[in-house]
Amino acid sequence: MSEEKSLNFIEEIVETDLKEGKYDQIITRFPPEPNGFLHIGHASSICLNFGLTEKFKGYTNLRFDDTNPVTEDTAYVEAIKKDIAWLGFKWENENYASDNFDTLYGYAVKLIEKGLAYVDDLNAEDMATLKGTPTEPGKNSPFRDRSVEENLDLFTRMKNGEFPDGSHTLRAKIDMTHVNMIMRDPIIYRIKHAKHHRTGDAWCIYPMYDFAHGQSDAIEHITHSVCTLEFIPHRDLYNWLIEKLEIYPSKQYEFARKNLNYTVTSKRKLLQLVNEKFVAGWDDPRMPTISGLCRRGFTPSSIRNFCERTGIAKRENLIEYSLLEFFIREDLNKTSWRRMAVLDPIKMVITNYPEGQEEMLTGENNPEVEGHDGERQIPFSRELWIEREDFMEEPPKKFFRLGPGLMSRLKSAYIVRCDDFVKDAEGNVTEIHCTYFPESKSGEDTSGLKVKGTMHWVSVKHAKTAEVRLYERLFTAEEPDREEGDFKDYLNPGSLVVLKNAYIEADLANAQQQLADNPDRRYQFIRKGYFCLDADSTAEHLVFNRTVTLKDTWAKLVS
RNA sequence: UGCCCGAUAGUAUAAAGGUAGUACAACGGUUUUUGGUACCGUUUGUCUAGGUUCGAAUCCUGGUCGGGCAACCA
């Protein structure tokens with residue numbers, strides 16, 4: 001089992017570092033800000049960071065980058081922890097940037113004492129003006145050359161709450177003409193009279209990302225600090241601060257975030273969809289969030305496989321949703337129980353099957369595995385529900401289902417021939433009449449009949465009603481946030497279709513118990529797709545979510 | 001008109017100067033009591049122009065295209 005798998009560029013760096021003896025073990029971290037739910041893009045980062053320390057020697061910390069109290073919340077902390085655990089990863093330590101506020105404050109004082117930071121009284125607008133542009137150098141602030149004593153005094157008073165929000169900032173004293181705008185005296189502390197989700201009212205000044213992230217990395221002795229491409233310009237500052245503060249030299253590496261087509265992965269935009277009620281919540285099954293994918297019926301391994309397969313690189317990308325679908329189908333094909341459900345019903349009457357007669361038929365749970373994962377009993381009778389699309393009044397040549405004179409097999413039951421059909425006043429077909437062949441019973445077929453089609457069905461008398469929710473892509477554009485106008489203009493109005501009266505086979509009435517017995521229980525509604533029981537279900541009212549359809553070459557053929 | 005990052009089939013990702021490969025998608029076929037699955041096969045690619053070299057996707061130079069950089073966000 002020694003399959004030679006090529007390493008991605010970050011794994012190569014780690015392998016080289018280890019080989020050269022730079023570290024005894026590596027330490028990575030996953031650093032979410034608790035201001036939203038994790039999405040599929042984060043899954044990639046999680047798999048990378050935890051995967052690195054699984055593959056090589058070391059461990060991974062979970063660290064919440066909670067330096068902006070106005071957007072952060074403990075509820076997000078809990079959701080994030082749940083999602084990472086669900087994906088199957090274990091963090092070594094649960095840390096918070098806010099745990100380091102005292103240390104960080106000390107670092108700031110140290111910088112001031114070295115003459116490398118100053119308190120600025122400029123407002124945001126004036127500061128932006130003096131900052132220059134990517135092509136023009138900036139100009140020094142008139143407050144840039146205050147004495148160490150004055151800076152220390154002012155910074156202390158900032159901390160003590162003597163000033164209102166926005167009146168003062170602490171800036172690193174670097175170079176206002178630097179080509180990298182991040183290095184033009186970046187703000188490292190700002191005043192925010194806001195309650196923090198962990199430190200409460202203890203502070204009214206908070207460090208900026210650049211003065212918290214790298215420092216927290218250093219405190220935790222992170223060896224490889226992996227982030228996304230947009231932080232490349234920040235690396236200069238990251239390294240400058242390590243040097244001036246004389247702290248542990250963590251190294252930052254950047255990779256390209258993963259983008260999925262027909263969706264958005266920006267916490268800001270996802271929050272908008274939630275707040276403005278375009279979706280039912282962060283865990284709406286249409287959301288690309290981990291919790292949304294979970295509720296939709298995706299498995300942790302399908303997501304991990306997806307992340308593994310799409311890899312890590314530095315180029316911009318837009319991954320096709322069909323790849324995610326492939327991995328969930330691959331997984332569920334091997335594990336899901338086969339059941340029958342009729343989503344858009346029409347009645348079939350088997351005219352030569354005695355009225356009042358019933359029989360129990362046997363169906364395997366999963367033909368893909370040895371022993372078929374057991375079996376269940378399926379009641380059969382004279383009247384059945386079948387899928388409306390499985391009957392055509394004037395079928396084309398290659399139609400293998402039912403139409404006048406056509407024969408088809410009812411899955412796990414008998415072969416039937418369509419003899420007649422009934423129409424209502426408007427010309428809609430309301431009932432299909434068939435005859436069945438008693439000697440064609442599944443498993444003991446002696447009829448000698450050969451049919452190309454097999455259909456699913458549910459006995460009218462024994463059918464249970466359920467709600468079935470069908471999901472399609474959330475957006476109609478491949479990259480909604482790059483289109484003209486607002487990304488919400490491209491929401492797919494058909495992303496959720498609710499079928500209130502689908503008919504499910506009798507055994508599915510036990511779905512709640514089956515889920516309690518096995519939290520991974522999923523179903524394949526034969527010929528219709530993979531489904532899972534939704535949390536909205538009650539004993540009287542079952543709700544199923546469609547995770548993904550089956551591949552359908554017939555549908556492709558007719559379209 | 002600055003600096004930084006990038007460019008390999010439709011998509012994503014390998015090939016560390018030596019046969020351009022893998023997966024998905026697409027297409028065709030075999031099997032099938034799911035028009036599913038499985039299996040077999042086919043199509044499609046190194047942005048461009050030079051240079052170095054016996055040999056370049058890979059190294060060098062110029063260009064083109066795409067992305068990023070001026071939040072008291074992370």
Side-chain angles (χ1 to χ4, degrees), chain A residues 5-8 12 31-33 35 65-68 70-72 120 122-124 127-138 165-171 178-182 184 186-192 205-206 208-210 212-213 227-236 254 256 258 261 267-268 306 309-327 329-330 333-334 338 340 363 367-368 398-401 408-413 415 440 442-443 445 451-456 524-529 549-557:
Chain A
K5 256 225 90 239
S6 58
L7 303 176
N8 65 51
E12 282 186 6
E33 184 188 10
N35 67 345
D65 246 339
D66 54 350
T67 56
N68 185 1
V70 302
T71 58
E72 295 156 7
D120 202 337
L122 250 29
N123 62 35
M127 200 177 293
T129 307
L130 290 180
K131 195 122 193 178
T133 71
T135 54
E136 297 164 290
D165 288 8
S167 60
H168 297 75
T169 55
L170 182 70
R171 295 229 254 168
H178 204 288
V179 286
N180 181 354
M181 294 197 64
I182 298 289
R184 322 243 259 229
I187 293 173
I188 57 179
Y189 259 96
R190 79 289 215 189
I191 301 171
K192 272 185 197 283
I205 57 171
Y206 293 93
M208 296 286 288
Y209 164 85
D210 286 305
H213 194 95
C227 60
T228 45
L229 256 28
E230 67 267 30
F231 291 100
I232 289 177
H234 293 254
R235 192 174 59 226
D236 278 347
E254 310 87 7
K258 218 151 271 184
N261 67 177
K267 277 200 263 184
R268 210 194 91 245
F306 170 81
R309 186 68 225 185
T310 51
I312 296 295
K314 285 185 90 158
R315 84 187 75 146
E316 315 278 331
N317 59 73
L318 184 64
I319 300 167
E320 291 175 345
Y321 193 84
S322 60
L323 191 57
L324 235 195
E325 291 185 329
F326 167 78
F327 284 111
R329 286 190 185 116
E330 179 186 53
N333 177 48
K334 294 188 207 113
R338 309 298 132 119
M340 292 197 281
E368 294 298 313
K398 289 239 184 114
F399 192 72
F400 303 150
R401 308 172 194 181
S408 211
R409 173 173 290 281
L410 297 172
K411 176 73 181 171
S412 301
I415 291 175
S440 67
S442 192
D445 185 349
V451 292
K452 301 205 81 167
T454 301
M455 299 168 26
H456 59 283
Q524 182 197 101
F525 290 177
I526 290 173
R527 302 208 300 143
K528 291 277 94 179
T549 61
L550 256 30
K551 285 215 282 188
D552 190 346
T553 48
W554 169 249
K556 210 185 296 180
L557 236 148

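Note: hydrogens, waters and symmetry copies are ignored here, and every other heavy atom, side chains too, is used. Residue numbers start from 1 in every chain, and the chains themselves are labelled A, B, ... in the order their sequence lines are given, proteins ahead of strands.
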Engineer: Can you name the residues that form a side-chain contact (heavy atoms from CB on, under 4.5 Å) with D445(A), not counting sequence neighbours?
Structural biologist: R409(A), I415(A), S440(A), S447(A)
Engineer: Pick the nucleotide of RNA chain B nearest each of Y189(A) and N180(A); which residue has the one closer to the 5' end?
Structural biologist: N180(A)
Engineer: I'd like to check the side-chain hydrogen bond (donor to acceptor under 3.5 Å, both in side chains) partners of E136(A); sequence neighbours left out, ordered by chain and number.
Structural biologist: T133(A)
Engineer: Base, sugar-phosphate or nothing for M208(A)? Non-hydrogen atoms, less than 4.0 Å.
Structural biologist: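 Since only primed, P, OP1 and OP2 atoms lie under 4.0 Å of M208(A), the category is sugar-phosphate.
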Engineer: Would you please determine if the base of G35(B) is stacked by W554(A), with stacking meaning a centroid separation under 5.5 angstrom and planes under 30 degrees?
Structural biologist: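 Per 5.5 Å and 30° rule: yes, stacked.
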Engineer: Can you tabulate the close N/O pairs, meaning under 3.5 Å, that link protein atoms to atoms of nucleotides 37-41 of chain B?
Structural biologist:
{"unit_1": "U37(B)", "atom_1": "O2'", "unit_2": "N333(A)", "atom_2": "ND2", "d": "3.0"}
{"unit_1": "U37(B)", "atom_1": "O2'", "unit_2": "E368(A)", "atom_2": "OE1", "d": "3.0"}

Engineer: Indicate, with a heavy-atom threshold strictly under 4.0 Å, whether F231(A) touches base, sugar-phosphate, or nothing.
Structural biologist: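 Base contact.
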Engineer: At 4.0 Å (heavy atoms only), tell me whether H178(A) reaches a base, stays on the sugar-phosphate, or touches nothing.
Structural biologist: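 The residue H178(A) makes no contact with any strand.
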Engineer: To the side chain of P134(A), which of A26(B), G2(B), C72(B) is closest?
Structural biologist: G2(B)
Engineer: Both distances under 3.5 Å, Watson-Crick or G-U wobble: on that basis, could you give the dot-bracket string for RNA chain B, with [ ] for crossing pairs and | for other-strand partners?
Structural biologist: .((((((..((((....[..)))).(((((.......)))))....(((((..]....))))))))))).....
Engineer: Quick one: the side chain of R527(A) and the base of U34(B), do they pair up donor-acceptor inside 3.5 Å?
Structural biologist: no
Engineer: Go through A74(B), G2(B), G35(B) for me and flag the one nearest to the E33(A) side chain.
Structural biologist: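 Output: A74(B).
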Engineer: Once you round it to whole Å, what is the distance between C1' of A70(B) and CG of D236(A)?
Structural biologist: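 After rounding, the gap between these two atoms is 16 Å.
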Engineer: Given U33(B), C72(B), A70(B), which nucleotide is nearest the side-chain atoms of S442(A)?
Structural biologist: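 Among the listed nucleotides, the one closest to the side chain of S442(A) is U33(B).
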Engineer: Only counting residues at least two apart or in another chain, list the ones meeting side-chain hydrogen bond (donor to acceptor under 3.5 Å, both in side chains) with K267(A).
Structural biologist: N35(A)
Engineer: Could you check whether T133(A) gets within reach of a base, just the sugar-phosphate, or nothing at all, counting any heavy atom under 4.0 Å?
Structural biologist: base
Engineer: With respect to the side chain of N68(A), which nucleotide from G35(B), C73(B), C72(B) is positioned closest?
Structural biologist: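 Shortest atom-to-atom distance from the side chain points to C73(B).
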Engineer: List every contact pair, protein side and nucleotides 11-14 of chain B side both N or O, where the distance is under 3.5 Å.
Structural biologist:
{"unit_1": "U11(B)", "atom_1": "O4'", "unit_2": "E320(A)", "atom_2": "OE2", "d": "3.1"}
{"unit_1": "U11(B)", "atom_1": "O3'", "unit_2": "L318(A)", "atom_2": "O", "d": "3.1"}
{"unit_1": "U11(B)", "atom_1": "O2'", "unit_2": "L318(A)", "atom_2": "O", "d": "3.2"}
{"unit_1": "A12(B)", "atom_1": "OP1", "unit_2": "L318(A)", "atom_2": "N", "d": "2.9"}
{"unit_1": "A12(B)", "atom_1": "O2'", "unit_2": "T310(A)", "atom_2": "O", "d": "2.9"}
{"unit_1": "U13(B)", "atom_1": "OP2", "unit_2": "R315(A)", "atom_2": "NH1", "d": "3.4"}
{"unit_1": "A14(B)", "atom_1": "OP1", "unit_2": "I312(A)", "atom_2": "O", "d": "3.4"}
{"unit_1": "A14(B)", "atom_1": "O2'", "unit_2": "S6(A)", "atom_2": "OG", "d": "3.3"}

Engineer: Judged by each residue's nearest nucleotide on RNA chain B, which is more toward the 5′ side, I232(A) or G453(A)?
Structural biologist: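 Between the two, 5'-proximity favours I232(A).
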Engineer: Please name all residues satisfying side-chain contact (heavy atoms from CB on, under 4.5 Å) with K314(A), sequence neighbours left out, ordered by chain then number.
Structural biologist: F9(A), L229(A), E254(A)
Engineer: Sequence neighbours excluded, which residues qualify as side-chain hydrogen bond (donor to acceptor under 3.5 Å, both in side chains) partners of R527(A)?
Structural biologist: D390(A), H456(A)
Engineer: For F326(A), what residues pass the ring-ring contact (aromatic ring centres under 6.0 Å, His included) criterion, not counting sequence neighbours?
Structural biologist: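 None.
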Engineer: With sequence neighbours left out, write down each residue that passes side-chain contact (heavy atoms from CB on, under 4.5 Å) with L130(A), or none if nothing qualifies.
Structural biologist: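 Expected list: L122(A), K139(A), P142(A).
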Engineer: Applying a 4.0 Å non-hydrogen cut-off, can you work out what S412(A) is touching in the nucleic acid: base, sugar-phosphate, or nothing?
Structural biologist: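 Touches a base.
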Engineer: For S442(A), enumerate each residue passing the side-chain hydrogen bond (donor to acceptor under 3.5 Å, both in side chains) test, keeping only those at least two apart in sequence or located in another chain.
Structural biologist: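 By the side-chain hydrogen bond (donor to acceptor under 3.5 Å, both in side chains) rule, S442(A) matches no residue at all.
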Engineer: Residues two or more places apart in sequence or in another chain: which of them pass side-chain contact (heavy atoms from CB on, under 4.5 Å) with M181(A)?
Structural biologist: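 Expected list: K131(A), P134(A), R184(A).
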